[in-house]
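A quick write-up on the structure given underneath.
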Amino acid sequence: LLRGGPGTNEALSHALRRAGWSSEDLDPALHDALIDRVLAGSSDGDSLDSEGLLAAELYRWSPLGITDALALVAGTPDGKRLLRVTFSAMPPRRAEELGLQLLIHALADGDSSAAQWLGGELTGFALVSADEMADRLESDHPALADWFRHEFRVVGERRETLFWDDTSEDTVYTAEVDLSDLHQQPVMLAALRPRSGASLLGLGLGLARALAHHHKDSVLVDPTRHTVRLLPDGSLEADASTGEPPPSILPGESPSPARDVYAGAVVLLEALLGQGWPPSVPAHRVMPYLRTTVNLLPPAALAPLESALHIDPSARPRDGLAWVAQWQAAAVAEENRSYTSVDSDARCHIGYDSHIGRMKVLLTQTNQDAVFVSTRSALSIVLVCDGISTANAGSGDVASSIACHVVANLWEQALPHLLRASQSERRAFLDRALRAANTAVCDAALRFAGGNLEGRIPMGTTIVVALVHGSHVTLAWLGDSRAYLVGPYGASLLTADENQAGERLRAWHLGFLDKWEPVGFALVGYLGHFNELLQPEALPAHHTAFNLLPGEHLVLCSDGVTDYAADTAPEVASLIAEAARLGDPDEIARALVAHANRGGGGDNASAVVASLV
């Protein structure tokens, strides 16, 4: 592979990720050769996507050498291009960690130009001001905090965060339209308005069948929204390939049925969002934000989409026919869900595990995650909280612990009522519990700050919580702790990360932005929120509800699992689906936490798994 050739950088990245080597398994000369491969393409003006992917993988695998190499080129135009694609290929926290290390190098070398550029990149990650970045770094990197306050020069004005009213009841984004009465001729998907989430199963099954029709004759398709038509009978038709790969295809990937499946998944995203996909953004980056952007997505619907967007072609459905089988499994599950009444006598088997993190434990002995599990008769509650680590008025572990205790106490008090409550009453209980938890966290932050929050960062925490009554699940969340539904169709994300990148996606979807860039990972949803007058004010939680079917698993986890168990959302979903084959909820939870530790263990990792007995 080191001799070069198409796709070899991607292959090297996969080798490092999947072979299970430690950094000591390869001799220094071979490690240097891998670093040379990263730097080789930074001077020819071409795309550096594959070099950035390899650099990101080398940093995860053995940080020291690649950090030094990137520091040497950080001040050059090509080096900056390389660093940008490297940052975009990494989980947000790891990208920020690398950026800080490079900034330290640049300041030590006296390279003011590189330092100023890196400072701009770091503030851009989270869309924060220099002072806000300094506050975040104060405890761990006081010298850097001082630099951001006194020496960093902001170039240009920060773009304003866009706000809009999305409460209208008569928007085209909230209802499906029956096109059979409007279009008597085939219509290209590019000509349609954005489709609601309720149409995804039908569109996915139709497109997979269209691909399978060609693949059975060994014909490749390379579908785009300009070559896929919706027919009057509701089916889809795709033209055979013109020889030009769609712009959304991963760089360096050879034509194959699996590449058609990837391109088909991008076509489905474009149909849901009503926008052509930006070629510079890997399509899998959208998955953590889709639930709160596209309405009415069925619980299992994202699993076939996730698997099709896997960056490893061998991990995708191998062709259209295999993709049809996955869409059919999801469609059957949703049909059963819609016709199956709630089993009020069903019981849950619940497993859980939590760990500080294999690398995190070297820095702190504090686990900022908190988990609560309780069952009474046919009613269960499961929740995961993840404290926000940047607070200086309180701390993340205190915030998550308070939130967990408040919800647990209210659960105990409300049990007699909850055992006979309706679905709407259970949702109302979760809303009340989250509002009470928000108030408790805010009150504690005020006490830590001596009653004055001016210039302080109050503590906060994410939360994902589910009430399971018999077979019915009522789910609520704030922040980026996630819930997945796992079944024979794979793992489907039930929540959406609440951060600025997700807000930008919604703005793009609704026409407030010309393009989408997945930047800005500061949370916009959490417990511990104060309004502009520094008064406690709970943010509205997101909700979903559905029937849990026999054989399905509900998985709740903190971002320590999803950030470190794998690098991309489809890889995380694939790993969760694989772990679910263990069957026992305790074993599944332990396996997920172990995967997070094997992937670096740079954050607290917690998982709770519930399934019907």
Just how far is it from atom CZ of Arg225 to atom CG of Leu273, taken to the nearest 0.5 Å? 10.0 Å

Pairwise distance CG(Asp497) to CG(Leu290) - rounded to 0.5 angstrom: 11.5 Å

Please confirm whether the backbone N or O of Gly357 pairs with a side-chain atom of His355, one donor and one acceptor, at under 3.5 Å? yes

Nearest heavy-atom approach of Ile463 to Cys385 is CG1-SG, 3.7 Å

Value for CG (Leu118) from CZ (Phe87), rounded to nearest 0.5 Å, stands at 6.0 Å

Do Ser314 and Asp312 have a side chain donor and acceptor closer than 3.5 Å? yes

Do any N or O atoms from the side chain of His284 and from the backbone of Leu309 form a donor-acceptor pair under 3.5 angstrom? no

Atom CG in Asp369, atom CG in Asp559: separation rounded to 0.5 Å? 7.5 Å

Distance-only polar pair, side chains of Thr462 and Ser481, donor-acceptor under 3.5 Å: yes

Report the residue from Leu58, Leu102, Leu98, Val38 that forms a side-chain contact (heavy atoms from CB on, under 4.5 Å) with Thr86. Leu98

How many angstroms lie between atom SG of Cys557 and atom CG of Asp386, to the nearest 0.5 angstrom? 10.5 Å

Whether the Tyr59 and Glu97 side chains hold a donor-acceptor pair (N or O, under 3.5 Å, no angle test) is what I'd like checked. yes

Checking the side chain of Glu571 only, and the main-chain atoms of Thr568 only, is there a donor and an acceptor separated by less than 3.5 Å? yes

Anything under 30° is parallel, anything over 60° is perpendicular, the rest tilted; go ahead and classify Trp508 against Trp277. perpendicular

Testing the basics here: between Asn604 and Thr366, what is the closest heavy-atom pair and its distance to 0.1 Å? ND2-O, 3.6 Å

So which atom in Ile249 and which in Tyr262 form the shortest heavy-atom distance, rounded to 0.1 Å? CD1-CD2, 4.2 Å

Smallest separation among heavy atoms of Asp567 and Glu57, with atom names: OD2-OE1, 3.4 Å

side-chain hydrogen bond (donor to acceptor under 3.5 Å, both in side chains), that's the test. Do Asp78 and Thr76 meet it? Break it down for me. CA-CA 6 Å; Asp78 289 319; Thr76 67; 5.9 Å; no

Backbone N/O of Ala496 and side chain of Arg291: donor-acceptor pair under 3.5 Å: no

Note: Val221 and Asp260 closest approach over all heavy atoms is N-OD2, 2.7 Å

Could you please spell out the steps behind the side chain to side chain contact (heavy atoms under 4.5 Å, CB included) verdict for Tyr484 and Val572? CA-CA 10 Å; Tyr484 288 84; Val572 171; 3.5 Å; yes

Salt bridge check: are Lys80 and Glu121 linked by an N-O gap of less than 4.0 Å? no

No-hydrogen, no-angle side-chain donor-acceptor test under 3.5 Å, Glu306 and Ser574: no

Give, for atom NE2 of His509 and atom CG of Leu272, the distance between the pair rounded to the nearest 0.5 Å. 8.5 Å

Quick one: do Ser307 and Gln326 satisfy side-chain hydrogen bond (donor to acceptor under 3.5 Å, both in side chains)? Show the steps, please. CA-CA 9 Å; Ser307 66; Gln326 194 174 15; 2.6 Å; yes

Check: Ser606 main-chain N/O paired with Ser558 side-chain donor or acceptor under 3.5 Å: yes

Which is it for Leu582 and Asp584 under the side chain to side chain contact (heavy atoms under 4.5 Å, CB included) test, yes or no, and what are the steps along the way? CA-CA 6 Å; Leu582 295 169; Asp584 180 75; 5.8 Å; no

Looking at Glu498 and Gly479, would you say the former's side chain and the latter's main chain have a donor-acceptor pair under 3.5 Å? yes

How far apart are the closest heavy atoms of Val486 and Ala491, and which atoms are they? CG2-CB, 4.1 Å

With side chain to side chain contact (heavy atoms under 4.5 Å, CB included) as the test, would you mind laying out the steps for Leu72 and Leu39 before giving the verdict? CA-CA 10 Å; Leu72 292 174; Leu39 302 179; over 6 Å; no

Is the side chain of Gln116 donor-acceptor paired with the backbone N or O of Arg153 at a distance under 3.5 Å, no angle test? yes

Looking at Glu253 and Arg316, is there a salt bridge between them, counting it only when a charged N and a carboxylate O are closer than 4.0 Å? yes

Checking His595 against Ile576 for the side chain to side chain contact (heavy atoms under 4.5 Å, CB included) test, could you report, in this order, the C-alpha distance in whole Å, the side-chain angles of both residues, the deciding distance, and whether it holds? CA-CA 10 Å; His595 278 299; Ile576 291 174; over 6 Å; no

Pair Arg285 + Glu517, salt bridge at N-O below 4.0 Å: no

Assess the side chains of His105 and Asp68: does a donor N or O sit below 3.5 Å from an acceptor N or O? yes

Could you tell me if the side chain of Ser112 sits less than 4.5 Å from the side chain of Glu151, heavy atoms only? no

In terms of the angle between their ring planes, are Trp516 and Tyr289 parallel, tilted or perpendicular, with boundaries placed at 30° and 60°? perpendicular

